Amino acid sequence: MSAQLIDGNLLSQQLRAEVAQRAAALTAQGKQPGLAVILVGDSPASQVYVRNKVKACQDNGLHSVLEKYEASMTEAELLARIDALNADPKINGILVQLPLPAHIDAHKVIEAIAPEKDVDGFHVSNAGLLMTGQPLFRPCTPYGVMKMLESIDYPVRGANAVVVGASNIVGKPQAMLLLQAGATVTICNSKTRDLGHHTRQADILVVATGKRNIVTADMVKPGAVVIDVGMNRDDNGKLCGDVDFANTKEVAGWITPVPGGVGPMTITMLLVNTIEAAERS
Ligand SMILES: Nc1nc2c(c(=O)[nH]1)N[C@@H](CN(C=O)c1ccc(C(=O)N[C@@H](CCC(=O)O)C(=O)O)cc1)CN2
């Protein structure tokens, strides 16, 4: 393997140790940070993610509540729960696990969260603050990716960055964070013609499409940093990303694995955002 691995579990361990210290300091002042996690429905993947979020809180000294609801919960019921959590002084961060069932308008739900408790950074106010270079909360996955680049001392300023995927959760905020760090950014989407033409220009390539093997080794510039945000299952049911890892690792300079790459960093940055919310409150 020529590429160096960027280990999200290892980096998370280091960052979570700092989180635990900050949580302990807040708790000593009677301000233990608190996170509310809401899950609607029974998606097995979402169940794993929310369980891991709550466990990460427990392991690092944050208070957490997990509210699980049937898929039949109405939008009005969910909005009422968010109102109550907005008013709860023990709760600094509120997170509604996505995706939501189709009968619930996710935009409406996200806009109901008080922006100062929106630790996912998805509220339009927080998206606007990020866009204008004054972020309150950076969305957790793109924030984690920036920490991974920092961990390898990568000179983002002046680099060509290509983001494949333009979702509100990852692609768009990722492009903003890279732009603000001084990269020249290209965002590719499902309509992009000749994706490889763009990805081959990338010093930093972030792939977040949910499509297995959308990026193959021939689409990667030798020595590039390849960050795989995808979370898929291969034909044997094993977790894998969007990048053909086995072949791309022979071309890239750095690469993130799946599992053990960006996923754990998403949860780590959620803890960081919750601490920041508590410190501000
Ligand atoms: N409200 C939110 N919903 C969703 C978000 C989000 O940031 N906020 N992101 C994704 C899912 N996600 C976080 O919720 C997430 C995905 C994956 C992981 C992770 O740790 N993955 C592990 C593997 C876990 C497994 O065994 O299945 C890894 O990559 O090593 C954490 C969080 C969509 N929804």
Side-chain angles (χ1 to χ4, degrees), residues 5-13 15-16 35-57 59 64 66-69 78 81-82 85 93-101 104-113 115 117-123 126-127 130 137-148 165 167-174 177 206-210 212 227-234 236-243 245 255-274 277:
L5 217 58
I6 311 179
D7 183 337
N9 281 323
L10 188 64
L11 182 55
S12 283
Q13 258 180 34
L15 295 172
R16 288 183 196 193
L35 175 69
V37 177
I38 300 181
L39 174 64
V40 185
D42 54 6
S43 147
S46 291
Q47 307 242 28
V48 172
Y49 304 147
V50 297
R51 213 173 32 240
N52 289 348
K53 288 175 185 186
V54 168
K55 181 168 186 314
C57 284
D59 291 349
S64 63
L66 173 57
E67 298 193 7
K68 283 183 169 187
Y69 298 104
L78 179 54
R81 275 313 302 148
I82 291 173
L85 292 165
I94 303 170
L95 172 157
V96 178
Q97 189 62 32
L98 300 177
L100 282 166
I104 298 180
D105 180 346
H107 291 292
K108 207 163 158 186
V109 168
I110 291 165
E111 300 333 321
I113 299 172
K117 294 192 178 188
D118 167 40
V119 284
D120 261 332
F122 295 162
H123 192 286
N126 285 321
L130 176 66
F137 296 111
R138 295 159 181 87
C140 304
T141 300
Y143 194 7
V145 169
M146 297 310 288
K147 286 284 173 192
M148 291 177 121
S167 69
N168 289 335
I169 297 182
V170 183
K172 288 179 200 165
Q174 185 69 73
L177 289 175
V206 182
V207 190
T209 64
R212 179 154 76 97
I227 310 267
D228 192 346
V229 182
M231 187 77 37
N232 310 296
R233 298 258 165 205
D234 70 13
N236 301 315
K238 251 183 73 192
L239 273 182
C240 64
D242 290 354
V243 175
F245 181 84
I255 192 164
T256 62
V258 178
V262 175
M265 290 299 292
T266 296
I267 296 182
T268 299
M269 302 325 290
L270 172 68
L271 301 182
V272 170
N273 280 347
T274 306

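Predicted model only: the values in this text are computed from it and were never measured. Just so you know, ligand 1 is whichever comes first in the structure, and atom 1 is the first atom listed for that ligand.
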Near Leu239, which atoms of ligand 1 are under 4.0 Å from a heavy atom of that residue?
23 (C), 25 (C), 26 (O), 27 (O)
Can you name the nearest heavy-atom pair linking Val119 to Ala277, along with the distance?
CG1-CB, 4.2 Å
Any N/O pair Leu98/ligand 1 closer than 3.5 Å
yes
Atom 21 (N) of ligand 1: of Met231, Met265, Arg233, Met269, the nearest heavy atom sits on Met231
Checking Thr268 now: which residues fulfil side chain to side chain donor-acceptor pair (under 3.5 Å) with it, not counting sequence neighbours?
Ser12, Arg16
Within a distance of under 4.0 Å, is there any protein heavy atom near atom 10 (C) of ligand 1?
no
For atom 19 (C) of ligand 1, grab the closest protein heavy atom and report residue, atom and distance to one decimal in Å.
Gly263 CA, 3.4 Å
If I compare all heavy atoms of Pro142 with all of Pro139, which pair ends up nearest, and what's the gap?
CD-O, 3.2 Å
Counting non-hydrogen protein atoms only, what is the nearest one to atom 4 (C) of ligand 1? Give residue, atom name and distance.
Gln97 NE2, 3.4 Å
Backbone or side-chain N or O of Tyr49 under 3.5 Å from ligand 1 N or O
no
Determine whether a donor-acceptor pair (N or O, by modelled atom type, separation under 3.5 Å) exists between the side chain of Asn273 and the backbone of Arg138.
yes
Evaluate the criterion side chain to side chain contact (heavy atoms under 4.5 Å, CB included) for residue pair Val272 and Tyr143; output intermediate values, then yes/no.
CA-CA 10 Å; Val272 170; Tyr143 194 7; 4.1 Å; yes
Going by the atom numbers of ligand 1, which of them fall below 4.0 Å from some non-hydrogen atom of Ile267?
31 (C)
Looking at ligand 1, does any of its N/O atoms fall within less than 3.5 Å of an N/O of Asn52?
no
Using heavy atoms and a 4.0 Å limit, tell me yes or no: is Gly260 in contact with ligand 1?
yes
Nearest heavy-atom approach of His123 to Glu111 is NE2-O, 3.2 Å
Spacing of OG1 belonging to Thr256 relative to CD1 belonging to Ile227, to within rounding of 0.5 Å
5.0 Å
I'd like to know if Val96 contacts ligand 1, where contact means a heavy-atom distance under 4.0 Å to any ligand atom.
yes
Would you say Asp42 has more than 12 foreign heavy atoms packed within less than 6.0 Å of its CG?
no
Considering only protein heavy atoms, determine whether one is less than 4.0 Å from atom 29 (O) of ligand 1.
yes
What atoms of ligand 1 come closer than 4.0 angstrom to any heavy atom of Lys53?
8 (N), 13 (C), 14 (O)
Partners meeting side chain to side chain contact (heavy atoms under 4.5 Å, CB included) with Met231 (sequence neighbours left out)
Tyr49, Leu239, Val258
Ligand 1 contact on Pro264 by region, counting heavy-atom pairs under 4.0 Å:
both
Could you check atom 1 (N) of ligand 1 against the protein and tell me its nearest heavy-atom contact, residue, atom and distance included?
Asp120 OD2, 2.7 Å
Separation between SG (Cys240) and CZ (Arg212), nearest 0.5 Å, reads 5.0 Å
